Chemist: 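Below you'll find the structure I mean.
Everything numeric in this text was worked out from a predicted model, so none of it was measured. Both backbone and side-chain heavy atoms feed into the values below; hydrogens, waters and symmetry mates do not. Within every chain, numbering begins at 1; the chains are lettered A, B, ... in the order of the sequence lines, protein sequences first and strands thereafter.
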Protein chains: 2
Amino acid sequence: MSDSIRPPARRRRKEARPQELTAAALSLFVEKGFAATRLDDIAERAGVSKGTLYLYFDSKDALFKAVIKEGIVSALHAGEALFDEYDDPLELLRTILLGWWERIGNTELGGIPKLMMSEARNFPDVALYYQQEVLQRGTALLRKAVTLGIERGVFRQVDADAICSVLIAPLVYRAMWRQSFGPACGQETDTAQYLHTYFDLILNGLLAGAPSGDAR
Amino acid sequence: MSDSIRPPARRRRKEARPQELTAAALSLFVEKGFAATRLDDIAERAGVSKGTLYLYFDSKDALFKAVIKEGIVSALHAGEALFDEYDDPLELLRTILLGWWERIGNTELGGIPKLMMSEARNFPDVALYYQQEVLQRGTALLRKAVTLGIERGVFRQVDADAICSVLIAPLVYRAMWRQSFGPACGQETDTAQYLHTYFDLILNGLLAGAPSGDAR
DNA sequence: CCTAAATTACTGACTGGTTAGTCATTAATA
DNA sequence: TATTAATGACTAACCAGTCAGTAATTTAGG
């Protein structure tokens, strides 16, 4: 009877805590949204009490910012390997887009676009930061591949900036879907088929006839 | 002194109230999210008190459902005119997509996709309803145009369901952007250019060479 | 080594502010 | 005068943030 029910033995893990907390916060923010997520739930999922959370973050807002910042560095880290040289601009484009899907869109990090989209107007400063550090940086990478292709005559003449936004949209949209309607409705269509059709469309185009260069 | 400050004369408008309230709720839900929006603020924007809100809706959840339902009927109403006959599948496709943008994506209703995406996991029943009544219905309409084009040999052979999801994504994504990063970061790229490039891409494709039909 | 003291990561009960939802009262219309 | 749309003060619940206390770990002393 000496070993009766006792609190489950607190562990001291100062180093690992922040990451554990932001990871728990990310999944809950993505699932429920920022405002609807309780700090008690985040703490519980991270295996600590709410008080501990305040040892590492000043406020709920500060935690949100840490989650995004953490996600950004992870994303940049995941994207590092994509700068390798490719001779074929077409292959480079494929690699960048598919790489984004596999390293970000289709992982835990894929929740960040949904979260950031949902909360942008509540955290305009974070949104601006995200837009500059992630979206514009990612777009710049893509644009390199596109302009290279245009210069070589592999791609048609198109507006580079606009085409980058258009190209990214189906992937980001799919990633966001995976975090909202997917879990809510079940019934998700085949991802491999989606990606195949996506690349088929953007690389070859919809028209069967000879390319006219005039979409009117 | 008889006409001292007095409450601004209550008006009785039983008929119009529900619409006024759902409209106010929609804009605030889209801006702040469901949980972060206060009922007092919704009532104030609609020009009534919170008590009045409860004359027309049982709860905050019920109000949310009403907002979505209202948005859906408006959207279906806005989309009615698109069923007209077109001989050219290419023109039909353009009309459907551009029509969606102009009647929904680029209007007040454009907030609903963002709202629904944000809250899908908090209201799975509403999400399922929305998915079936809006997304699948809209996709079916698009698929008609696509399959027609394929049958006539105007479009290449592609997976109809998948291509519809891909085609819609850039428009919906843009609409959601308009409701989040747009207001948060200012600096929005030119919409006309975006749409032009979008249609250019999906209708003609990116490759300058003759269409191969093999995207690998 | 072992034990005691000092340090610090961690806890959970508590508080103050906020807000969904209620209802007795008021004012507009019939 | 009767009916009912509308009000706003009120309450009960909820939750971000606090802090006095507890337990794990480290250090110092024997």
Side-chain angles (χ1 to χ4, degrees), chain A residues 2-26 28-29 31-68 115 119 122-123 126, chain B residues 2-26 28-29 31-68 115 119 122-123 126:
Chain A
S2 62
D3 52 5
S4 58
I5 46 98
R6 107 170 63 171
R10 3 170 133 168
R11 288 158 306 188
R12 292 157 59 102
R13 334 192 45 237
K14 190 184 179 186
E15 308 305 323
R17 290 293 186 223
Q19 304 250 356
E20 293 171 354
L21 286 165
T22 51
L26 172 60
L28 282 167
F29 286 163
E31 180 185 334
K32 300 173 182 299
F34 175 77
T37 299
R38 290 182 303 239
L39 292 181
D40 279 305
D41 289 345
I42 295 174
E44 186 187 1
R45 181 166 298 195
V48 297
S49 72
K50 189 170 58 175
T52 298
L53 208 160
Y54 277 89
L55 294 178
Y56 298 97
F57 303 98
D58 289 341
S59 65
K60 196 183 181 185
D61 278 29
L63 178 59
F64 177 82
K65 293 176 184 179
V67 166
I68 297 296
L115 177 58
E119 305 295 340
N122 293 327
F123 297 90
V126 184
Chain B
S2 63
D3 51 5
S4 60
I5 46 100
R6 106 166 67 169
R10 359 171 134 171
R11 288 158 309 187
R12 292 159 58 103
R13 336 193 42 236
K14 189 184 179 186
E15 308 306 323
R17 289 296 186 221
Q19 305 249 355
E20 293 171 355
L21 285 164
T22 51
L26 172 60
L28 282 167
F29 286 163
E31 179 185 336
K32 301 173 182 297
F34 175 77
T37 300
R38 291 186 302 253
L39 291 181
D40 278 305
D41 289 346
I42 295 173
E44 186 187 1
R45 180 166 298 195
V48 297
S49 72
K50 188 169 59 174
T52 298
L53 207 159
Y54 278 89
L55 294 178
Y56 299 98
F57 303 98
D58 290 341
S59 64
K60 196 183 182 185
D61 278 30
L63 177 60
F64 176 82
K65 293 176 184 179
V67 167
I68 297 296
L115 177 58
E119 304 296 340
N122 293 327
F123 297 92
V126 184

Chemist: Tell me: CZ of Phe34(A) to C1' of dC15(D), nearest whole Å?
Modeler: 12 Å
Chemist: With respect to the side chain of Leu55(A), which nucleotide from dT11(C), dA6(D), dT18(D) is positioned closest?
Modeler: dT11(C)
Chemist: Enter the distance from Leu28(A):CG to Glu44(A):CD here, rounded to the nearest 0.5 Å.
Modeler: 9.5 Å
Chemist: Do Lys50(B) and dG21(C) share a donor-acceptor pair, side chain to base, under 3.5 Å?
Modeler: yes
Chemist: State the CG-OG distance between Leu53(B) and Ser59(B), to the nearest 0.5 angstrom.
Modeler: 10.0 Å
Chemist: Measure the CG-CD distance between Leu21(B) and Gln19(B) for me, rounded to the nearest 0.5 Å.
Modeler: 10.0 Å
Chemist: For dA9(C), take OP1 and OP2 only and decide whether either is under 4.0 Å from a side-chain N or O of Thr52(A).
Modeler: no
Chemist: Could you state the CG-P distance from Leu63(A) to dA16(D), rounded to the nearest angstrom?
Modeler: 11 Å
Chemist: Rounded to whole angstrom units, what separation is found between the CD atom of Glu20(A) and the C1' atom of dA9(C)?
Modeler: 13 Å
Chemist: Can you check the Tyr54(B) OH to dT4(D) C1' distance for me, whole Å?
Modeler: 21 Å
Chemist: Is the number of heavy atoms from other residues, nucleotides or ligands within 6.0 Å of NZ (Lys32(A)) greater than 12?
Modeler: no
Chemist: Tell me the interatomic distance from Leu53(A), atom CG, to dT18(D), atom C1', rounded to whole angstroms.
Modeler: 13 Å
Chemist: Between P on dC10(C) and CZ on Phe57(A), what's the gap in Å once rounded to a whole number?
Modeler: 12 Å
Chemist: Considering only residues two or more places apart or on different chains, which pairs with a residue in residues 33-58 of chain A satisfy ring pair (Phe, Tyr, Trp, His ring centres under 6.0 Å)?
Modeler: Phe29(A)-Phe34(A), Phe34(A)-Phe64(A), Phe34(A)-Phe123(A)
Chemist: Take the protein atom CG of Asp58(B) and the nucleotide atom C1' of dC23(C), then report the distance between them rounded to whole Å.
Modeler: 16 Å
Chemist: Residues from residues 37-49 of chain A sitting under 4.0 Å of DNA chain D, heavy atoms only?
Modeler: Thr37(A), Arg38(A), Leu39(A)
Chemist: Taking atom CD1 of Ile68(A) and atom OG1 of Thr22(A), what is their separation to the nearest 0.5 Å?
Modeler: 11.0 Å
Chemist: Rounding to an integer number of Å, can you tell me how far Leu28(B) CG sits from dT19(C) P?
Modeler: 13 Å
Chemist: What's the spacing between Asp40(B) CG and Arg45(B) CZ if we round to 0.5 Å?
Modeler: 13.5 Å
Chemist: With respect to the phosphate group of dC10(C), does any side-chain polar atom (N or O) of Tyr56(A) fall under 4.0 Å of OP1 or OP2?
Modeler: yes
